[in-house]
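Below, read A as the first sequence line, B as the second, and so on, with proteins coming before strands; counting in each chain starts at 1.
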2 protein chains.
Amino acid sequence: MLNNNINLVAILKEYGIKPSIQRIEILEFLIENRIHPNIEAIYSILVEKMPTLSKATVYNTLDLFAKNGLTNRLFIEANEVRYDIRTDRHGHFKCEKCKIIHDVEIYNLDTEINKNDYKGMIYAEEINYRGLCEACAK
Amino acid sequence: MLNNNINLVAILKEYGIKPSIQRIEILEFLIENRIHPNIEAIYSILVEKMPTLSKATVYNTLDLFAKNGLTNRLFIEANEVRYDIRTDRHGHFKCEKCKIIHDVEIYNLDTEINKNDYKGMIYAEEINYRGLCEACAK
DNA sequence: CTCGCAATTTAGAATAATTATAATACTATT
DNA sequence: AATAGTATTATAATTATTCTAAATTGCGAG
Ligand SMILES: [Mn+2]
Ligand SMILES: [Mn+2]
Ligand SMILES: [Zn+2]
Ligand SMILES: [Zn+2]
């Protein structure tokens, strides 16, 4: 636990983020709960450990994490941003029955925009599916 | 214009949508303005022609269009849904400077979820990029 | 160690998109 | 024309997010 905390601090520093209690706790939550949570999911759990936690802090922290490349923001559904600590290239699948957002491996993606000779700049790429997962489809 | 209207009515019927003045006007707007508009963009233009138009009608109509497969909903940015009358498989690129959402052709996409042996059901696929377009990147 | 300052956090108000509700208007049928 | 069913409207309610200003924290200089 102490070890773990040192580790979390190191991750934050690596991304140029000054560690605070709140930032450490939020990072720990994201690492241990890889459920692509929204703000409410993060806040409602953490506020039990830290009763003075403000929702604004959760917003501020996740904006900071995203700006510094520590997390990604997912727009897989309307009216709600999801957050992902996994930042290597992968897509998502949201099951409309069980509501779980699954990671999806991308083996090959070839578009006019991700070609080598594309002259613009790409900041972000997002591949999302919606449907029924294997378990729910039966 | 009269001819065009007959055409719009035919499109609506083809998708099982009862044609009303509002639905015809909204469909016409989408066909003639392929800018992936949000609700506000559609409403603010059409309310000038139809002063009694309600924003709720724009929401209702676009929900209906989407449910019947006449349009797609795009979640390319937080807190705002965009609508697209083009429904064949393609992706999008949003330039963060000029704000334009460009269509992107997909030549090849290969993931664990769109393979033939995937046992779940896929209702929707969305491929989004964000960055700077060629013009703005210079 | 303690003071001062800048960064961070907090609580709550403000904003913006969307959804819900209930009344009104339209359309097709008898 | 009366009826029933559907669509539209105006507005209220809800929800996610951003803004603001005050309070708190924690680090570094003295
Ligand atoms: Mn993921
Ligand atoms: Mn498009
Ligand atoms: Zn499922
Ligand atoms: Zn541009």
Quiz item: Are the ring centres of His102(B) and His92(B) closer than 6.0 Å?
Solution: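 Between His92(B) and His102(B), which both carry aromatic rings, the centre distance is not below 6.0 Å.
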Short side-chain N/O contact to [N] OP1/OP2 from [X], under 4.0 Å:
{"X": "Thr52(B)", "N": "dT9(D)", "value": "yes"}
{"X": "Ser20(B)", "N": "dT6(D)", "value": "no"}
{"X": "Gln22(A)", "N": "dT10(C)", "value": "yes"}

What's the closest nucleotide to the side chain of [X] if the choices are [options]?
{"X": "Thr57(B)", "options": "dT9(D), dT9(C), dG26(D)", "result": "dT9(D)"}
{"X": "Leu53(A)", "options": "dT10(C), dT9(C), dT8(D)", "result": "dT10(C)"}
{"X": "Lys18(A)", "options": "dT8(D), dT9(D), dA7(C)", "result": "dA7(C)"}

Practice problem: Using a cut-off of 6.0 Å, state whether more than 12 heavy atoms not belonging to Asp117(B) lie near its atom CG. | Solution: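 Count over threshold, so yes.
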Quiz item: Does CG in Asn116(B) sit with more than 12 non-hydrogen atoms of other residues, nucleotides or ligands closer than 6.0 Å?
Solution: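 For Asn116(B), atom CG is not crowded (no more than 12 foreign heavy atoms under 6.0 Å).
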Integer-rounded Å distance: [N] [atom2] and [X] [atom1]:
{"X": "Glu77(A)", "N": "dT15(D)", "atom1": "CD", "atom2": "P", "result": "15 Å"}
{"X": "Leu46(A)", "N": "dT10(C)", "atom1": "CG", "atom2": "P", "result": "11 Å"}
{"X": "Tyr43(A)", "N": "dT15(D)", "atom1": "OH", "atom2": "P", "result": "16 Å"}
{"X": "Asn60(A)", "N": "dG12(C)", "atom1": "CG", "atom2": "P", "result": "17 Å"}
{"X": "Glu25(A)", "N": "dT8(C)", "atom1": "CD", "atom2": "P", "result": "18 Å"}
{"X": "Lys13(B)", "N": "dT27(C)", "atom1": "NZ", "atom2": "C1'", "result": "13 Å"}
{"X": "Ile24(B)", "N": "dT27(C)", "atom1": "CD1", "atom2": "C1'", "result": "13 Å"}
{"X": "Leu64(A)", "N": "dA7(C)", "atom1": "CG", "atom2": "P", "result": "13 Å"}

Practice problem: Would you kindly say whether Tyr129(B) and Thr111(A) are connected by a side-chain donor-acceptor distance under 3.5 Å? | Solution: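 Distance-only check passes for Tyr129(B) and Thr111(A).
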Quiz item: For the salt bridge (Lys or Arg N to Asp or Glu O under 4.0 Å) test, which of Glu77(A), Glu126(A), Glu40(A) pairs with Arg82(A)?
Solution: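 Of the listed residues Glu77(A), Glu126(A), Glu40(A), the salt bridge (Lys or Arg N to Asp or Glu O under 4.0 Å) partner of Arg82(A) is Glu77(A).
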Quiz prompt | Considering all heavy atoms, the nearest Ala137(A)-Gly120(B) contact | solution =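 That closest heavy-atom pairing would be CB-CA, 3.8 Å.
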Using atom names, set out every protein N or O paired with an N or O of nucleotides 16-22 of chain C below 3.5 Å, distance rounded to 0.1 Å.
residue: dT18(C); atom: OP1; partner: Val81(B); partner atom: N; Å: 3.1
residue: dT18(C); atom: OP2; partner: Tyr59(B); partner atom: OH; Å: 2.8
residue: dT18(C); atom: O5'; partner: Tyr59(B); partner atom: OH; Å: 3.4
residue: dT18(C); atom: O3'; partner: Asn79(A); partner atom: ND2; Å: 3.3

Quiz item: Does the pair Arg73(A)/Asp63(A) count as a salt bridge with the N-to-O cut at 4.0 Å?
Solution: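 Asp63(A) and Arg73(A): salt-bridged.
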